[in-house]
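Written below as structure tokens is the structure these notes are about.
Reckoned from all heavy atoms, side chains included, excluding hydrogens, waters and symmetry mates. Each ligand, and each atom within it, is numbered from 1 in the order the structure gives. Each residue takes its place number in the sequence, starting with 1.
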Amino acid sequence: MMIKNQSEYLIKKNSNEYEVVIGLEVHAQVLSESKLFSSSPTKFGAEPNTQVSLVDAAFPGMLPVINEFCIKQAVKTGIGLNAKINKKSIFDRKNYFYADLPQGYQISQYKNPIVGEGSVVLDLPSGEKIVGIERLHLEQDAGKSIHDVDPQSTLVDLNRSGVALMEIVSKPDLRSLDEVNAYIKKLRSIMRYLGTCDGNMQEGSLRADVNVSVRKKGKKEFGTRCEIKNVNSIKFMQMAIEYEANRQVDLIEEGGKVDQETRLFDTKKNETRSMRSKEDAHDYRYFPDPDLLPLEISDKFINDLKKNIPELPDEKKKRFIEKFKLSPYEANILVADFETSNYFEEVIKKSDVKLSTNWITGALFGLLNEKNLEISQCPISAKNLSKLINLIKDGTISGKIAKLVFEIMSEEDKDPKIIIEEKSLKQQSDPKELEKLIDEVIKNNQDKVRDYKSGKDKLFGFFVGQVMKVSSGKANPQLVNEILKNKLK
Ligand code: ADP
Ligand code: MG
């Protein structure tokens, strides 16, 4: 799908009159070996119902015991979102019935979340934009209903039941598909730097409820929103928003009005459909869970975590721009992923920064893209790429030959020096040797030499090309230029 830029492109009819307003409730699975209130493992992909304790299955009389590690993860994430950490928070029961929710309620935080207001900086092509965070609260995940295994019945897998989620609620500050894309990517990046969520959208570790409304441009009040539940990829979020915004505009233009409702996105038909009219908080009969005391954390608890927060993408970006003189664009793409930024820093330890930046954001990213690999699976080690760059820098090989060596390295992570020797790719920089080649080219092209001398300057490129050809691309182009100029005077 094309990633669209502005509301103008997003809305098809009367596009210049309307604006889209978007707010996201992101559910991020806490990176933790065990669940929020039990010691069952959380590993993805296990056999159904093999990671279920009596607490997760809601056996009568079982009591939840809070997992301190999950609390730390939530607080760390709050710090990464520049947010207020609440020293006292309360776990509530949110009551509803569902086959995969054996408790009959979800333990969540309602009025008193563990993390309050914060902000996230979006890196957009047009510059930076700050998006407000309303809150972050902890809650348990539900189990999973499986409808397509048994034709007669629905099966329930409780492995996910009780897994800790952080719900991160944004303010309604997003205005375009690009901003939604940048927002999700930034949240993911921050949490991966912190090690608080793996951000794996295929495995459902990061999914979002998408709130969409439209309003006439220039209006102060927001329009009525619809909430699209549980969308699990950026692409689907964008498709759902696009569909939903147009549906709302069409509705308003026909004289109707938008009802506040909960909708689902049908990925096959590319449309949103009504699920239910929006429930109000009181429908859930929230009340503090009597099995859990209010959660109180100390300043020391918070400060100890603060001390161990790693350098996050915004700071790193600033450092890369100041220290290495990168452009904001280059810095953005190099810091977006924690491992990529480490790879970059490893390469430039011993190599030219400008050249390294170009090779990493160019050839290396191209290779990863083509092979659909993460940087952690990169076939070329930082050490060997750094060596390759040094060989270009000191003139041992030309940029063109370097591309060839790079290709060979992408098949086998070898020291480029060895490759150059084995394939005798070394650049020819001996003036005497080059002179011989050049004399030969001149001798074989006497007619062209005459034309050149009578004013056809453009032929110079032809001679350079011929010399490169007879040297199998190995002649040092700079030297060839110099010598040729002299000889053709
Ligand atoms: P609820 O539990 O009712 O879904 P939350 O406070 O959890 O309420 O989340 C509301 C979400 O909807 C927030 O992300 C907020 O930014 C967004 N939102 C609120 N009003 C609008 C609006 N008019 N248009 C789009 N999004 C909105
Ligand atoms: Mg909600």
As an exercise, identify every atom of ligand 1 less than 4.0 angstrom from a heavy atom of [X].
X      : result
Leu24  : 14 (O)
Gly223 : 23 (N)
Phe222 : 23 (N)
Ser170 : 13 (C), 14 (O), 15 (C), 16 (O)
Val21  : 24 (N), 25 (C)
Val169 : 9 (O), 13 (C), 14 (O)
Ser213 : 22 (C), 23 (N), 24 (N), 25 (C)
Glu227 : 4 (O)

Q: May I ask which of Lys229, Lys171, Glu25 has a heavy atom nearer to atom 2 (O) of ligand 1 than the others do?
A: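 It is Glu25 whose heavy atom sits nearest to atom 2 (O) of ligand 1.
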
Q.
For atom 8 (O) of ligand 1, which of the options Arg225, Glu134, His137 provides the nearest non-hydrogen atom?
A.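 That would be Arg225.
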
Could you check whether atom [atom1] of [X] has more than 12 heavy atoms from other residues, nucleotides or ligands sitting under 6.0 Å from it?
X      : atom1 : value
Lys371 : NZ    : yes
Lys129 : NZ    : yes
Asn303 : CG    : yes

Q | Any side-chain donor near an acceptor of the partner, Ser356 and Ser351, under 3.5 Å | A |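 Side-chain D/A pair, Ser356 to Ser351: absent.
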
(Q) Does any part of the side chain of Phe338, heavy atoms only, come nearer than 4.5 Å to the side chain of Asn342, both counted from C-beta? (A)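 Yes, side chains in contact.
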
Q. Closest heavy-atom contact between Ile321 and Ala331?
A.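 Shortest heavy-atom separation between Ile321 and Ala331 comes out as CG1-CB, 3.7 Å.
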
Q: Quick one: pull up CG in Leu264 and CE in Met275 and give me the separation to the nearest 0.5 Å.
A: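 Leu264 CG to Met275 CE: 5.5 Å, rounded to 0.5 Å.
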
